[in-house]
There are 2 protein chains.
Amino acid sequence: MKKDSYSVIGGRVPRSDARAKVCGTEKFVADYPHAGTLHVAVIRSPVPYGELRGVNRTELEALPGIVATVFAEDIPGENCVPIVGRDMPCLATGKVNYVGEPIGLIAAETAEDARRALASVKLDIHSLPALIDPEKARDPDAPRVFGDDNVFSHLVIRRGDVEKGFAEAAVVVEGFYRTPYQEHAYMEPQGMIAEPEGDGSMTVTGSMQCPFYVQGALATVLGLPLAKVRVIQAATGGAFGGKEDVPSLVATQAALVAWRTGRAARLIYSREEDILSMSKRHPAVIRYRSAADRDGRLLAVDADYILDGGAYATLSPVVLWRSLVHSVGPYRCPNVKVDARAVATNRVPCGAFRGFGSPQILFAVESQMDRLAAELNIDPVEIRRRNLLSDGDATATGQILEGSVGALETLEKAQSAAGKAPPKLSGNSRRTGRGVSTIFYGVGLGATGQHLARTGATVQVLQDGSAIFSVGTTEMGQGMCTALAQIVAEELGIPVSRVHMTATDTSRVPDSGPTVASRATTMSGNALLRACSPIRQTLLRIAADLASTEPQNLIVVQGRIETTAPKPRSIPLQDVIDECYRRRENLAEEGWHRVEGTTFDTATGQGNAYVTYAWATNIVDVEVDIETGVVEVKRIVAAHDVGRAVNLDGVEGQIEGGSLQGVGFALLEEIISQDGVIQNPEFGTYSIPTAADAPKVEPVVVEAPFDGGPFGAKGFGEQPLMGIAPAIANALADATGIRIFELPLTPERVLAALSQKKKK
Amino acid sequence: MKKDSYSVIGGRVPRSDARAKVCGTEKFVADYPHAGTLHVAVIRSPVPYGELRGVNRTELEALPGIVATVFAEDIPGENCVPIVGRDMPCLATGKVNYVGEPIGLIAAETAEDARRALASVKLDIHSLPALIDPEKARDPDAPRVFGDDNVFSHLVIRRGDVEKGFAEAAVVVEGFYRTPYQEHAYMEPQGMIAEPEGDGSMTVTGSMQCPFYVQGALATVLGLPLAKVRVIQAATGGAFGGKEDVPSLVATQAALVAWRTGRAARLIYSREEDILSMSKRHPAVIRYRSAADRDGRLLAVDADYILDGGAYATLSPVVLWRSLVHSVGPYRCPNVKVDARAVATNRVPCGAFRGFGSPQILFAVESQMDRLAAELNIDPVEIRRRNLLSDGDATATGQILEGSVGALETLEKAQSAAGKAPPKLSGNSRRTGRGVSTIFYGVGLGATGQHLARTGATVQVLQDGSAIFSVGTTEMGQGMCTALAQIVAEELGIPVSRVHMTATDTSRVPDSGPTVASRATTMSGNALLRACSPIRQTLLRIAADLASTEPQNLIVVQGRIETTAPKPRSIPLQDVIDECYRRRENLAEEGWHRVEGTTFDTATGQGNAYVTYAWATNIVDVEVDIETGVVEVKRIVAAHDVGRAVNLDGVEGQIEGGSLQGVGFALLEEIISQDGVIQNPEFGTYSIPTAADAPKVEPVVVEAPFDGGPFGAKGFGEQPLMGIAPAIANALADATGIRIFELPLTPERVLAALSQKKKK
């Protein structure tokens, strides 16, 4: 029987990890006991580009407390950390390509020994002229960092007739936009512990998003079969994409020492080492031209942009691809021409970061939309309403949308929640303004990642009616484990407090791909439902026996199985489970889920890029001090179509956190890099929003259920950040009349723009 | 297609844990890093029976380095370590019932602090007259240790008409047999580490056979749902039944400290503490009367015996049941009357030990058989041949045997391998003799354990063609993990070196019952085959696509899938796996196996006690020095029907090890207990056989395949020990003419018997 309503789905469930994290009892990798464990230090390149000629290895190995060193020539497997490509070595050999690139490893008895040895390293490196400016990467005389042309990837969209679109336009606006590095600023820096096992296998435990990536890297570098590499995720203190690919570096570094010495080895990055050497959000340089008719309807988009990938390809090709798919925003547009390139420079490799290339391009898209509105004197909300994608419309990649398109509903609900804009101030230095942005987000890995679009899970119901489950995706603070526990609880009728997730561990479940692209709840949720299904059938079959009825007359509610036919009866779930154990029924199952149907033609950039999309509207109120240039965000109304909110508390928490990270991207965060050397690798000089900077965030949850998601849920972990920066830039323009094309919107940039405006 | 022969099954495969164990890289629980981990000391009763009135708790807690103490009143759950019954407390309250009974726990920063505190314990105990002699347990005025009559369990067999059998007999012999405590003498003492997790769950890692028993005990004592208790087996250095039930004590002791303090806690028993307080083989006192016709055919058995269970019931009722089922040996006997009792005393609780009650009774059975032969002047081999059970015969419990009865084949092959007995010596003090025993062993848990006769497993094939599997049974040195890897390798065509077993962990697989009763390979092997089956089907389906044929035309061989139709073709397995990953086929599955069909009527002792039986014949040659009384075993020919030898090396290793442990039981091992206090709790005074005592063991493998076992295998881990003691006693009788009724056959007993004989 179908239930009328859900028992647990859509409720407000406290996060299962909340208490441990608040009370300080959660065990992060740095908290693991480490007596007898070797400390690893990483010898890194001090120059952005150079020939590596030697190192004082013998001298280092003779230092007190130093057990071993490891260099490229020692690597037992392949000297490669495979990500999308295989260009990145584990330890540099021949050339060094960025400041901070790993060259060698020191294994020391204590952290102090390791530090002392690191200070004694003498590298013989012949410096070469470096490629620092991504806009010069394609110059014929630029240093060759990657391939023949320093281009990791070049992707296009060719749709309709762009020339015709511009020719027919009532209005055309063009802008040159720049966005900076953004640092993930996860609370917990990178860290790994590697333990060699007696049978020659290797176990690595640490902070990470993607255990199967780490497992693959370890197998490659150590030359071991995958079955002999076990990777366990420790409690992970934030990630935001910053623990997608780079933990493979940290893990292989720790594991090489463990392999070389036969002892457990730990490597916990300091904040400075972490900021200097780990991935960042790709800086972008974007030329963007938009055309609309007199009613504000988009006619054409012509964009050309580059992402600075840094010294190795890492994830740049796929980051670029996602940015491409999102490069027109959530709008109908018949004529599109986009050229997107990820290029190489002698800078730290960039990687995944919440939004994955889309926040950069959406900053341009949504700034342009407001500029079109201004030119046409149309309200910014109204111009979006006229262009927003609806069910049956085609995206910029030609994908016809089929259901779960909540775009317009987010716009309407956000506007209704936001109400009237605050009155314009005058008479002092403060100016108020309101900005809006409308964005979308392709859920999951999409067409270029379809080979990874599968996931496994196991569920078992224990004798006392509690349950445990395992998945291949990870909890990193986003609340996945609670949402998944709710899914199991809903399906099996077990109270959510008695449903327990095991630590994610490559040896428990099949390779379930990475925990990225806002895919964890949908993918693992679906796999869990598959695993629960036969268990649920068994429970219903046994309950039917106990109640002398047929399984189809029964419904599962929390803690009970109920029937109305032949007569009303409510059986405690525990009685059913007891009977299952008496009969030795199997209450443990494995579930498997894969996603089908995405396509992409690289020649035209056309295809069904993602299986579904999430949609959002942000309305932001700011106050700008025109004397100091400080932009203060007073209020964010954030309406998000999440398909189905599994845990309402979790969804709102994501909206609040993502919005604040968006405020940082918009106003504060900027890695200063000079000649390839990061100048501000600590939180004293790299500012992120604090509680004092936090505006009032008002989450509005929209549910346009996605058929392919568990209970209709689709992913949305990333989108809360994505539309904030352009909404703030638009609010700044509304408040002051200035349009700033480069993030972050620092007081210096605001004052410069105001003074420029005054001059005009 | 069916294969003609196996690729891996039946081969000689090096144990996967051999290298680590030989090289010292295996990590036992005592090897885990323990900086910051609390040390636990256990306060124990110094008296066999008494009223516990108080302890200097405040004083103890004030000692330097002492973090906490834990007593019965602190226990958050139930003060009970559940085994078969629920009579045993975790920490004594009110009364203490044996020397060494746990009373309280001390949590100390260092082992030294713990030792010092233990020395400062002052217990206020009022001693009571104790029940030490099991033969007095049923006296009306005996102290009441358990229930009304100190009887844990009374089991019977009533079959045929015993009086009539004795009346018709040509010969009747009666004997009173005694067997002593036997200490397991596992190389690694008991040990556990308990770690409280941030979310309130508890993880316990340690040396054990039965993680699910430990999990249940922890959930009971800590008052946690099973889902919040995770138990991981560390590499376990031997067990022999001695880590079946008692690790629950060790684990709850460590976990109570971890719960009380919120810190990780470790408890590693010293050898002395281990021998004093952990379980032993039940001492037995057996009256046994047998009758045969003139041809030596058994007509009747009448036996009455007790097992000394010690202070708590533990496993005694099921140990007693197994001994009962084996109480007539592997022989046809129409008339049987057996009364078996497990009784309580104020001694250390006894438990499981290789053979599980059967070695005691088989010592009597096989001594009696030789005595009948001697009375009738029939050759000992011949009298067995005449009585041995064959297919279609009924056992003493009335079970009609249906297949896999290799009894006679073991007798014949052993005799043929043994050849002629060595010539009788004379002219000096040495005498030679040959003895034979024929035994059987009910495989698995049998009728009284049918509720536990289920097991789960998971298997997954990884992208590089390696595989991992998990089971709920444990490796403790017996070679299970290698045998199971072979089963997976055979079924999936993956080289055995690339098949990896994960550590057994309650959170990985469903409760699979205990690893006892020689059930691990059959039960987990079957569950693995179930898990492999759909993976194999997928591999065949994809291979059929690649080879343009039908799955039924394909066979899986090592590393390849082959076909002869439509044309001969051999596809590398890796190509098939690559294609599976391309298509995102699920190569991870869960398997479940349960055993049906055992029955038992407690009123008559009749039923299908076990699903199948293993069979063995031992032929032993000894030399006895009649001046020193020393019995030296020169040679053991051990023929065992194992159904199918999965790993021939493993089977032979078990035969060798078990035989030697049998030599210890026969000749050397004897716990001396005085007034309930064990006098020899160390290997200086409790002698076990060393390499110098090891006879030549010649394994003979007989294979009468068992339909219900993986590839025909049935369990046999225990039986190598079971028939050794009576064969040696029979050889001693053959060499010297003396019959000794009490084990071990020490020089003192031999000399006493020789002098007795001389007197006659």
Side-chain angles (χ1 to χ4, degrees), chain A residues 16-17 19-21 23-27 32-37 195-201 216 219 225-228 230 235 262 264 450-454 456 458 460 462-468 470 497-500 502 507-511 531 581-582 584 586-590 592 594, chain B residues 16-17 19-21 23-27 32-37 195-201 216 219 225-228 230 235 262 264 450-454 456 458 460 462-468 470 497-500 502 507-511 531 581-582 584 586-590 592 594:
Chain A
S16 54
D17 55 344
R19 193 185 157 82
K21 282 176 178 160
C23 296
T25 56
E26 189 65 281
K27 204 166 69 174
Y32 282 58
H34 54 270
T37 301
E195 292 176 86
E197 305 291 348
D199 63 356
S201 66
L226 288 167
K228 290 216 158 182
R230 178 180 175 195
Q450 182 161 300
H451 58 294
L452 296 172
R454 35 43 172 177
T458 64
Q460 54 170 301
L462 307 181
Q463 196 149 9
D464 65 353
S466 59
I468 51 179
S470 300
S497 64
R498 291 175 69 82
V499 179
H500 190 71
T502 65
S507 71
R508 285 184 182 275
V509 284
D511 185 342
Y581 270 83
R582 254 191 298 278
R584 290 170 293 145
N586 182 20
L587 298 181
E589 294 286 350
E590 179 119 23
W592 178 251
R594 62 186 166 196
Chain B
S16 54
D17 55 344
R19 193 184 157 82
K21 282 176 177 158
C23 297
T25 57
E26 189 64 281
K27 206 165 68 174
Y32 283 59
H34 54 270
T37 301
E195 292 177 86
E197 304 292 346
D199 62 357
S201 66
L226 287 167
K228 291 215 159 184
R230 178 180 173 195
Q450 183 162 298
H451 59 293
L452 296 172
R454 35 44 171 175
T458 65
Q460 54 171 301
L462 307 181
Q463 196 148 7
D464 65 354
S466 58
I468 51 180
S470 300
S497 64
R498 291 175 68 82
V499 178
H500 190 71
T502 66
S507 71
R508 286 183 182 274
V509 284
D511 185 341
Y581 271 83
R582 256 191 297 278
R584 289 171 293 144
N586 183 19
L587 298 182
E589 295 286 350
E590 179 119 23
W592 178 252
R594 62 186 166 196

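Just so we're on the same page: letters track the sequence lines, and every chain starts at 1.
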**Prompt:** Where on B:Glu195 is there a heavy atom nearer than 4.5 Å to chain A: the side chain, the backbone, both, or neither?
**Reply:** side chain
**Expected output: side-chain B:Arg594 to main-chain A:Arg584 donor-acceptor under 3.5 Å** =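 Yes, B:Arg594 side chain to A:Arg584 backbone: donor-acceptor pair under 3.5 Å.
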Do you know which of [options] has the most heavy-atom pairs under 4.5 Å to chain A?
options                                : value
B:Gly198, B:Ser470, B:Ala227           : B:Ala227
B:Thr25, B:Asp464, B:Thr458, B:Ile468  : B:Asp464
B:Gly262, B:Ala20, B:Ser466            : B:Ser466
B:Ala219, B:Ala588, B:Ser497, B:Pro196 : B:Ala588

Part of [X] lying under 4.5 Å from any heavy atom of chain B:
X        : value
A:Ala453 : both
A:Val509 : backbone
A:Gln463 : both
A:Arg582 : neither
A:Ser201 : side chain

Any heavy-atom pair between the side chains of [Y] and [X] that's under 4.5 Å?
X        : Y        : result
A:Trp592 : B:Glu589 : no
A:His500 : B:Asp199 : yes
B:Gln460 : A:Glu590 : no

**Prompt:** Which one, A:Arg19, A:Arg230, A:Glu197, leads in non-hydrogen pairs under 4.5 Å with chain B?
**Reply:** A:Arg230
**salt bridge (Lys or Arg N to Asp or Glu O under 4.0 Å) partners of A:Glu26, counting only residues at least two apart** =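 Checked A:Glu26 against salt bridge (Lys or Arg N to Asp or Glu O under 4.0 Å); zero matches.
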**Between A:Ser507 and B:Arg508: side-chain donor-acceptor atoms closer than 3.5 Å** = yes
**Asked** side chain to side chain donor-acceptor pair (under 3.5 Å) with B:Lys21: which residues, sequence neighbours excluded?
**Response** B:Asp17
